[in-house]
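In what follows, a single structure is set out as structure tokens and then discussed.
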Amino acid sequence: MSDLVLYGYWRSSAAYRVRIALNLKGLKYESRSIHLVKNGGEQHHQHFQELNPNQLVPVLVHGDFTVNQSLVIIDYLDETYPERLLTPSKGAKRFLSRAMAQDIVVDIHPVNNLRVLQYLSDKLAIKDTEKSAWYKHWIEVGFEALEKRLVVSSREFCIGNEVSIADVCLVPQVYNALRFGVDISQFPSIERLYNSLNQLPAFAEAAPELQHDAEL
Ligand SMILES: N[C@@H](CCC(=O)N[C@@H](CS)C(=O)NCC(=O)O)C(=O)O
């Protein structure tokens, strides 16, 4: 049994990022599922709140160390297992890859998170069609900008020819976009990278549908 434990959920794009990172680094880990919907959402249960009072997955436990926030978890993995760095250690690529990762993680993802969507439906009585419009709108705003950046920065990967934290964040966000019916052919670089990255085993094996808690 590995001493790395990832608390996540098959459809959580933030947990998906960490799964890709762990796979790219060739690290074995134990995956524990926190069902975000069943039983009122297990992220709200006491035992999980003790791991993360924010009530969000993912959480990584490594021995007696517990950390949340997917980008910070990936930083921790880079520092602890530096053999294959996902954030380049120096130079422009270091900063460009982090900025692109944050464009996704900080600016696109949070407004479409489950608890935001639940608030729109449950408290503001927004109709499902309006909720989908909200979801698509914020992804498309983010993807338009991302596409412009990728036209300049991408080659085989988001930033040049080395896989980085930007690729790790891109694939789960595109997965979400497709799930909510966004036409990604509007964004040719994003579409190309999504398809080619998914050919790599580290990305393919992290896919939501292949996780032990997937409900298909
Ligand atoms: N910034 C956090 C975001 C974590 C997050 O939003 N996780 C979502 C799943 S992708 C979640 O647990 N949602 C549960 C909820 O909204 O109640 C990270 O990158 O780890």
Side-chain angles (χ1 to χ4, degrees), residues 4-24 29 31-62 65-79 86-87 97-124 126 128 131-132 134-136 138-139 142 146 158 164-180 182 203 206-215:
L4 287 167
V5 179
L6 178 66
Y7 289 81
Y9 179 60
W10 66 291
R11 264 186 171 160
S12 154
S13 57
Y16 189 178
R17 295 171 199 142
V18 179
R19 294 197 299 264
I20 295 169
L22 286 158
N23 291 349
L24 282 168
Y29 63 98
S31 166
R32 292 195 193 156
S33 178
I34 299 297
H35 202 297
L36 297 185
V37 185
K38 245 190 228 162
N39 308 317
E42 292 174 356
Q43 70 276 33
H44 307 302
H45 291 193
Q46 187 57 32
H47 71 92
F48 186 72
Q49 285 198 44
E50 281 161 19
L51 291 172
N52 184 8
N54 271 338
Q55 304 171 42
L56 299 169
V57 295
V59 167
L60 183 82
V61 177
H62 187 201
F65 180 66
T66 300
V67 64
N68 68 305
Q69 288 293 354
S70 57
L71 287 184
V72 177
I73 294 172
I74 295 168
D75 254 6
Y76 173 77
L77 293 174
D78 261 354
E79 194 167 303
L86 297 176
T87 302
S97 61
R98 286 168 69 196
M100 194 174 285
Q102 289 200 23
D103 284 343
I104 296 169
V105 171
V106 177
D107 292 339
I108 300 180
H109 175 259
V111 286
N112 285 343
N113 197 3
L114 178 64
R115 64 185 182 180
V116 172
L117 301 179
Q118 284 173 338
Y119 188 83
L120 291 177
S121 311
D122 303 346
K123 300 279 189 232
L124 302 183
I126 300 283
D128 281 352
K131 201 171 69 176
S132 297
W134 163 283
Y135 197 103
K136 281 187 177 176
W138 291 117
I139 291 202
L146 198 55
C158 287
S164 77
I165 187 77
D167 304 284
V168 168
C169 295
L170 179 74
V171 166
Q173 191 59 58
V174 178
Y175 171 86
N176 274 358
L178 291 170
R179 201 179 138 213
F180 282 84
V182 174
F203 286 80
E209 288 70 22
L210 297 185
Q211 305 314 302
H212 68 90
D213 56 342
E215 293 160 29

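Order of appearance sets the numbers: ligands from 1, and atoms from 1 within every ligand.
Looking at W134 and N112, their side chains do bring a donor and an acceptor atom within 3.5 Å of each other.
Atoms of ligand 1 found under 4.0 Å from any heavy atom of Q43, numbered from 1 in the order shown, are 14 (C), 15 (C), 17 (O).
Evaluated by nearest non-hydrogen atom to atom 3 (C) of ligand 1, the leading choice among Q55, H109, H44 is H109. Nearest residue to atom 7 (N) of ligand 1 from L36, L56, V57 is V57 (criterion: closest heavy atom).
In terms of polar-atom proximity, S70 is counted as a contact of ligand 1, with an N or O under 3.5 Å from an N or O of the ligand. For Q69, a nitrogen or oxygen atom sits less than 3.5 Å from a nitrogen or oxygen atom of ligand 1, counting backbone and side chain alike.
Listed here is the closest heavy atom pair of R19 and A207: NH2-C, 4.1 Å.
The protein atom (non-hydrogen) at minimum distance from atom 13 (N) of ligand 1 is N113 OD1, 3.3 Å.
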Q. Yes or no on side chain to side chain donor-acceptor pair (under 3.5 Å) for H45 and E50, after CA distance, side-chain angles and deciding distance?
A. CA-CA 9 Å; H45 291 193; E50 281 161 19; over 6 Å; no

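Within the 4.0 Å heavy-atom cutoff, Q118 does not count among the residues contacting ligand 1. Using a 4.0 Å cutoff on heavy atoms, G41 does not count as a contact of ligand 1.
Checked by atom type and distance alone, the side chain of N52 never pairs as donor or acceptor with a backbone atom of V59 at under 3.5 Å. With Q43 contributing its side chain and L56 its backbone, the two residues share no donor-acceptor pair below 3.5 Å. Distance alone, capped at 3.5 Å, is enough to place a donor-acceptor pair between the S132 side chain and the D128 backbone.
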